Amino acid sequence: MFEVAEQGHKVSKKEFTARERDLHSALLTAQRKLREADFPVFILISGVEGAGKGDVVSVLTKWLDVRGLETHAFWDETDEERMRPRFWRFWRAMPGKGRIGILFGSWYTRPIIDRALQGLRRRDFDREIRRIRDFEAMLVDDGALFIKLWFHLSEDEQAKRLEEDEEGKAGAQRISPFTKAFARRYRKFAHASERALRETDTDCAPWHIVEATNVRYRNLTAGEIVLARLSERLSRAGEESAVPAPTHHSGAASGVLDSIPLDRTISDSAYSRLLTRYQNRLYDLAWRSRAAGLNTVAVFEGSDASGKGGAIRRVTQAMDARLYRVVSIAAPTDEERSHHYLWRFWRRLPRDGYTTIFDRSWYGRVLVERVEGFASEAEWQRAYAEINEFEEQLVDHGTVLLKFWIHIDADEQLRRFREREATEWKRHKITDEDWRNREKWPEYEAAVSDMVARTSLAPARWTLVPGNDKRVARIEVLRTFCRQIERALDSR
């Protein structure tokens, strides 16, 4: 695979000067057009140590307008990054629509290093590569353009550059201090890299292998690839995606909600006793989680007036305020709309030892966005797999993931709506939108049934909570919190 980048290509100084002028101008023109486009651009800078990747980044930032450009270098993980799933650091660095992100190092770096240096097992390496392929495909489905550049040096050329650097020869290529250590395992790196590139060289996100022996050839080729890919995509701006919608499965689990025992009740005395028991228990578990570095993500979904807020308050009352955060999800902001819909949730994940509670969540894509037509069928259909992959990464990190659907029937919702209208201090809770949503009760029930059937996978299953009696719902939520956290702590 890498032999194509060992041909000895060269560009003279005179030719470079002539081509650079036109390239620089064309890149700026394309970038100006990108500002009005509805997609982000990812430029991945990867390759052999000593190939001058850092210099390429510098050249690209010189040729492009930095006002529409974001550059991120990924190498050592910070403590903040280690305390969250691996892809958290990459989601935080994503460019918005109309912008370019240059990623010096990327999601490829660690799997390749772990395979070449740490002896990562083949099956684990392949699993990471499959996750990368799916990740890129997901972003492409959302409109992103990937320009993936791999800068290659032969083993002999890398050794030559190391020798020139050690001898301090004039004109020697600048190389990183990591080059010497990596050069000793050149063939292992080459083998791991070749497999990673081969498995992720897809139609939607192809690799471009660039020979890096000659600096002028390397830089011009990189710039011309960026220009060609960007110009081609801009020429198609506004076209409808040709990606077909997945097979429709609506209504496949229409009886899911019927199985919830909405007639369950509890006495005042039993409620008071159990509330105290589980809140005291959760208080201790939250501090134990802090000491053990165990983080928790809790998702609360339910129809309007189902009692999500009251259940959340009973959870937070049981925890020290320093240990949790409640995130209430409303309509996305302009900045959030310029990114993939999961972006705003990835950015809010808690670090190890803490809890984040989402009052509504990423499931809005397959609920309100589906029913109200804010997402196309292709978008909400593929969201099931995207959400399952997202949650799998949380669980792989060790996160306790709790998902609650608090369910009430239509009669109970109507009673609560009327109570809110009649009670002055509750009146702000009822809106015209609530009444409009109620008119689509059957459509929402079908969406919820599909959601539960297609995303209730071990170990991220839904807890279906009967909500007609608010006290029953609150105890069930607290009991599940305690049971799941305690189980996770005991298994460590």
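In this chain, residues are counted from 1 in sequence order. All values derive from a computational prediction rather than experimental measurement.
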May I ask you to check whether [X] and [Y] place their ring centers less than 6.0 Å from one another?
X: Phe90; Y: Phe74; result: yes
X: Phe146; Y: Trp207; result: no
X: His340; Y: Trp91; result: yes
X: Tyr354; Y: Tyr324; result: no

**From CA spacing to verdict: side chain to side chain donor-acceptor pair (under 3.5 Å), Arg314, Gln279** = CA-CA 8 Å; Arg314 271 53 182 193; Gln279 285 186 329; over 6 Å; no
For [Y], is there an ion pair with [X] - N to carboxylate O distance below 4.0 angstrom?
X: Asp201; Y: Arg198; answer: no
X: Glu392; Y: Arg127; answer: yes
X: Lys403; Y: Glu391; answer: yes
X: Arg86; Y: Glu81; answer: no
X: Asp65; Y: Arg35; answer: yes

Would you say [X]'s side chain and [Y]'s backbone share a donor-acceptor pair under 3.5 angstrom?
X: Arg360; Y: Gly302; answer: yes
X: Asp124; Y: Leu120; answer: no
X: Asn468; Y: Asp409; answer: yes
X: Thr423; Y: Trp425; answer: no
X: Ser235; Y: Glu232; answer: yes
X: Ser456; Y: Trp462; answer: yes
X: Arg415; Y: Asp411; answer: no
X: Asn388; Y: Arg454; answer: yes
X: Glu136; Y: Arg133; answer: no
X: His407; Y: Leu262; answer: no

Over all heavy atoms of both residues, which pair between [X] and [Y] is shortest? Give the atoms and the distance, please.
X: Gly293; Y: Asp352; value: O-CB, 3.2 Å
X: Asn295; Y: Pro350; value: ND2-O, 3.3 Å
X: Glu421; Y: Arg427; value: O-NE, 3.0 Å
X: Lys308; Y: Glu301; value: CD-C, 3.5 Å
X: Phe481; Y: Ala298; value: CZ-CB, 3.5 Å
X: Gly223; Y: Leu60; value: CA-CD2, 4.3 Å

**Item:** Cation-pi check, Arg344 onto Trp346 ring (under 6.0 Å, within 45° of axis)
**Value:** no
**Asked** Do Arg370 and Trp380 meet the cation-pi criteria used here (NZ or CZ under 6.0 Å from the six-membered ring centre, within 45° of the axis)?
**Response** yes
If you round to the nearest 0.5 Å, how far is [atom2] of [Y] from [atom1] of [X]?
X: Ile357; Y: Arg313; atom1: CD1; atom2: CZ; answer: 12.0 Å
X: Leu342; Y: Asp142; atom1: CG; atom2: CG; answer: 9.0 Å
X: Glu386; Y: Glu379; atom1: CD; atom2: CD; answer: 9.0 Å
X: Leu274; Y: Leu478; atom1: CG; atom2: CG; answer: 9.5 Å
X: Gln31; Y: Arg67; atom1: CD; atom2: CZ; answer: 9.0 Å
X: Leu234; Y: Arg229; atom1: CG; atom2: CZ; answer: 11.5 Å

**Request:** Could you walk me through whether Arg123 and Asp126 pass salt bridge (charged side-chain N to carboxylate O under 4.0 Å, His left out), step by step?
**Result:** CA-CA 5 Å; Arg123 67 182 182 186; Asp126 287 347; over 6 Å; no
**Request:** Give the intermediate values and the outcome of side chain to side chain donor-acceptor pair (under 3.5 Å) for residues Arg479 and Tyr278.
**Result:** CA-CA 6 Å; Arg479 180 189 292 116; Tyr278 286 121; 3.2 Å; yes
Within-4.5 Å side-chain heavy-atom neighbours: [X] and [Y]:
X: Thr296; Y: Ile485; answer: yes
X: Asp434; Y: Arg438; answer: no
X: Thr316; Y: Ile312; answer: yes
X: Val299; Y: Trp405; answer: no
X: Ile408; Y: Arg416; answer: yes
X: Phe404; Y: Leu464; answer: no
X: Leu69; Y: Thr61; answer: yes
X: Leu149; Y: Leu44; answer: no

**Test side chain to side chain donor-acceptor pair (under 3.5 Å) applied to Tyr444 and Glu372, step by step** = CA-CA 10 Å; Tyr444 274 102; Glu372 302 298 334; 2.8 Å; yes
**Request:** Provide the full list of side chain to side chain donor-acceptor pair (under 3.5 Å) pairs with a residue in residues 92-103, sequence neighbours left out, each pair given once.
**Result:** Glu70-Arg99
**Request:** Mind running side chain to side chain donor-acceptor pair (under 3.5 Å) on Glu439 and Trp435 for me, showing each step along the way?
**Result:** CA-CA 7 Å; Glu439 294 175 0; Trp435 287 107; over 6 Å; no
**Geometric class of the Phe358/Trp362 ring pair [parallel <30°, tilted 30-60°, perpendicular >60°]** = perpendicular
**Fill in**
Residues passing the salt bridge (charged side-chain N to carboxylate O under 4.0 Å, His left out) test with Arg322, sequence neighbours excluded, are Asp320
**Request:** Take Asp396 and Arg131 through the test salt bridge (charged side-chain N to carboxylate O under 4.0 Å, His left out) and record every step on the way to the result.
**Result:** CA-CA 12 Å; Asp396 284 351; Arg131 174 165 285 170; 3.0 Å; yes
**Message:** Could you walk me through whether Arg348 and Glu336 satisfy the salt bridge (charged side-chain N to carboxylate O under 4.0 Å, His left out) test, starting with their C-alpha distance in whole Å, then the side-chain angles of each, then the deciding distance to 0.1 Å, before giving a yes or no?
**Reply:** CA-CA 12 Å; Arg348 290 175 166 92; Glu336 290 167 343; 3.6 Å; yes
**Asked** Under 6.0 Å from the CG atom of Asp203, do we count more than 12 heavy atoms belonging to anything else shown?
**Response** no
**Item:** Trace of the salt bridge (charged side-chain N to carboxylate O under 4.0 Å, His left out) decision for Asp134 with Arg130
**Value:** CA-CA 6 Å; Asp134 293 343; Arg130 284 194 298 273; over 6 Å; no
